[in-house]
Amino acid sequence: MGPILPDKIDTFFTHCHLATMTDNAISVINNGAVAVTDNKISWVGKEKDLAGNIKKDTNIVDCHDGWVLPGFVDSHTHLVWAGSRSNEFEMRLNGASYEEISNTGGGIFSTVKATRAASKEDVYIQGKKRVETLLRQGITTLEIKSGYGLDLGTELKLLEVIEQLNKDSALHIEATFLGAHTLPPEFANNPDGYIDLVTEIMLPEVKAQNIATAVDVFCEKIGFTRNQTKKIFKKAKDLGFNIKLHAEQLSDSNGASLAAELGALSCDHLEYVSQKSAKKMAKHNVIAVLLPGAFYYLKQTQKPPIDLFRNLKIPMAVSTDLNPGSSPVHSMTLIMNMACLLFDMTCEEALLGATINGAKALGLAPSKGSIEMGKDADLVVWDIDRPADLCYLSGLAPIELIMIKGNIAFKI
Ligand code: NIG
Ligand code: FE
C-alpha cells in the first residue's frame with residue numbers, strides 16, 4: 001500500500017504502470033497510480049489502493065495502460081550556439097581528426113567565431129527551437145553550458161540567453177559556466193593570461209550576476225592542463241560554484257582525480273580514465289556522465305570502462321552532450337540506444353542514466369529524476385509496452401503527455 005492519500009489532490013494518473021527509478025533500479029509498479037498536489041508528487045502506489053477515494057473535481061489523466069516515467073534529465077549540453085559545423089563533419093568523413101581540425105583553427109573555435117558574431121536574439125531563437133525539440137523527447141530538466149564566447153561579453157550573452165530560456169520554457173534549466181572550453185586565439189601566446197581572465201574577471205562577474213550554478217573546464221590537450229584546471233576550480237569553489245569536468249575524453253590528463261579531490265559533482269566523457277582516478281571518483285561520490293553521442297560522431301574506439309564503474313558502484317548518467325561539433329544529437333532515446341549498443345550498458349542502466357543519475361550529476365536528486373513522494377511532478381506518459389522499449393525503438397518518441405512541476409507541458 002502506498003502512503004496515506006493527501007487531502008488535496010489536483011491530478012491523478014490512472015490505468016498506468018510506473019517505472020519509478022528508485023533504489024538504483026527501474027522499480028516497476030504494475031497497475032499503479034500517481035497523485036499530484038500543486039507542483040509535487042503527493043502519492044505513489046497501486047491503483048487498487050485508492051479504493052474510490054478520488055474526489056469528483058480531481059483532474060484524471062487516464063494513461064490507457066501506458067507507462068509513466070520521471071521526465072528525462074539531460075545533464076550535459078552545449079545547447080546555445082550559432083552557426084553549423086557540418087563542413088567539419090565532412091572533413092572528418094574525409095579522414096581529418098577532431099584534434100587536427102581544432103589545431104588548425106576550426107572545432108570549438110569556429111563555433112566561437114559564429115557565436116560572437118550573432119546577436120543575442122538570434123542565439124536565443126536557435127536555442128529556443130532546440131529546447132522545444134528536447135522537451136518533445138521527454139526531457140524535463142536540462143543543463144546548458146556556456147563556452148562558445150570565450151570573452152566576458154559573449155560568455156555573459158550566452159548565460160543570459162540560458163537564463164531567458166529557463167524563464168520562457170516549461171522545462172527546468174541549470175546553467176554551467178564553461179569559459180575554459182578552449183584557449184581563444186587572442187591568448188594563443190599567453191595561456192596564463194586567459195586563466196587570469198577566467199579566474200579574476202569572468203568567474204566573479206558570473207557569480208555577481210548569479211547566472212550559473214556550476215563551473216566546467218575542458219581538461220585535454222586541445223583544452224586546458226590539469227594545473228590550469230586546478231586554478232579555475234579552486235577559484236570556482238571559493239566563490240561557491242559546483243564543479244564538473246570534461247575529463248579524459250581523448251587522452252588521460254588525470255583530470256578526473258583532480259576533480260574528485262576537489263569535490264566535483266561529475267566527471268564527463270571518461271573514455272581514457274585510469275583505474276586509479278576512477279577509484280578516487282568512487283571515494284568522493286562523483287557521478288560518471290557518459291556521452292555516447294560524442295564517441296559515435298568522433299568514431300572513437302576506446303570505450304569508457306563501464307565494468308570498472310559498475311564494480312566501484314559509481315552512478316552512471318547518460319546525456320546527449322548536444323553541441324554543434326562532437327554530438328549534434330537532439331534525442332535522449334537515441335542516446336540511451338547508443339549507451340546500450342556502443343558502451344554495452346543495460347537498458348536499466350541507460351534509463352537510470354537518463355533519469356535519477358542525471359539528476360545526481362546536477363545535484364538535483366532531492367527534487368528530480370524519480371517518481372517519489374515530495375519530488376517535483378515531472379512525469380511523462382509513454383505509449384510503450386515496457387520501459388526497455390525506450391532504448392530499443394529508434395526514431396520514435398511515443399509520448400502521450402508531459403507534466404512539468406504539476407503543469408501539463410504537452411498532451412497528444
Ligand atoms: O563535450 N569536449 C568538449 N566539448 C564538447 C564539444 C564541443 C564542440 O566540439 O563544439 C564535448 O564533446
Ligand atoms: Fe561537452
Side-chain angles (χ1 to χ4, degrees), residues 74-89 91-92 96-116 118 123 126-127 130 142-150 154-155 158 162 174-184 214-224 229 243-253 255-256 259 264-273 287-300 302 304 317-330 335 338 342 358 361-362:
D74 194 353
S75 55
H76 179 143
T77 83
H78 308 250
L79 177 144
V80 284
W81 77 82
S84 161
R85 304 236 297 275
S86 67
N87 59 328
E88 293 183 4
F89 176 71
M91 285 163 74
R92 290 203 302 276
S97 74
Y98 185 64
E99 289 97 322
E100 281 161 5
I101 294 170
S102 167
N103 289 333
T104 50
I108 294 170
F109 196 67
S110 60
T111 301
V112 170
K113 265 187 262 172
T115 306
R116 283 179 178 176
V123 175
Q126 295 302 318
R130 296 180 195 123
L142 178 62
E143 186 252 20
I144 307 180
K145 303 172 197 297
S146 68
Y148 292 121
L150 310 186
T154 318
E155 284 295 311
L158 295 178
I162 297 168
E174 283 286 309
T176 297
F177 171 66
L178 178 57
H181 199 185
T182 196
L183 191 64
V215 170
D216 195 342
V217 175
F218 185 23
C219 182
E220 188 57 67
K221 284 182 195 134
I222 57 168
F224 295 89
T229 305
I243 55 174
K244 312 171 74 64
L245 187 66
H246 279 72
E248 281 57 288
Q249 178 186 12
L250 308 168
S251 61
D252 185 6
S253 308
L265 275 177
S266 72
C267 290
D268 304 33
H269 289 287
L270 296 170
E271 278 81 349
Y272 288 84
V273 74
I287 311 302
V289 178
L290 304 172
L291 306 168
F295 175 91
Y296 169 74
Y297 266 83
L298 301 185
K299 294 211 231 175
Q300 286 182 264
Q302 175 146 336
V318 296
S319 160
T320 62
D321 191 14
L322 173 57
N323 76 71
S326 66
S327 188
V329 179
H330 296 68
I335 284 295
M338 288 183 190
L342 300 176
L362 297 177

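Ligands are counted one by one from 1 in listed order, and the atoms in each one are counted from 1 as well.
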Which protein N, O or S atoms sit under 2.8 Å from the Fe ion (ligand 2)?
H76 NE2, H78 NE2, H246 NE2, D321 OD1

At a heavy-atom distance under 4.0 Å, which protein residues reach ligand 1? Sort them by chain and number, would you?
H76, H78, R85, Y98, I108, Y148, H181, F218, H246, Q249, H269, D321, N323, G325, S326

Considering all heavy atoms, the nearest L250-I222 contact:
CD1-CD1, 3.9 Å

When every non-hydrogen atom of I335 is compared with those of S319, the smallest separation belongs to CG2-O, 3.6 Å

Between H246 and F218, what is the ring plane arrangement, given parallel below 30°, perpendicular above 60°, and tilted in between?
perpendicular

Considering residues at least two apart in sequence or located in another chain, which fulfil the ring pair (Phe, Tyr, Trp, His ring centres under 6.0 Å) criterion with F224?
none

Side chains of Y272 and E220: closer than 4.5 Å at any heavy-atom pair?
no

Residue pairs passing the salt bridge (Lys or Arg N to Asp or Glu O under 4.0 Å) test with at least one member in residues 75-86, sequence neighbours excluded, are R85-E88

Taking all heavy atoms of V123 and all of A118, pick out the closest pair and write down the distance.
CG2-CB, 3.8 Å

Students often mix this up, so state it plainly: with edges at 30° and 60°, are the rings of H78 and Y148 parallel, tilted or perpendicular?
tilted

If we ignore angles and hydrogens, is there a donor and acceptor under 3.5 Å between the side chains of H269 and H76?
no

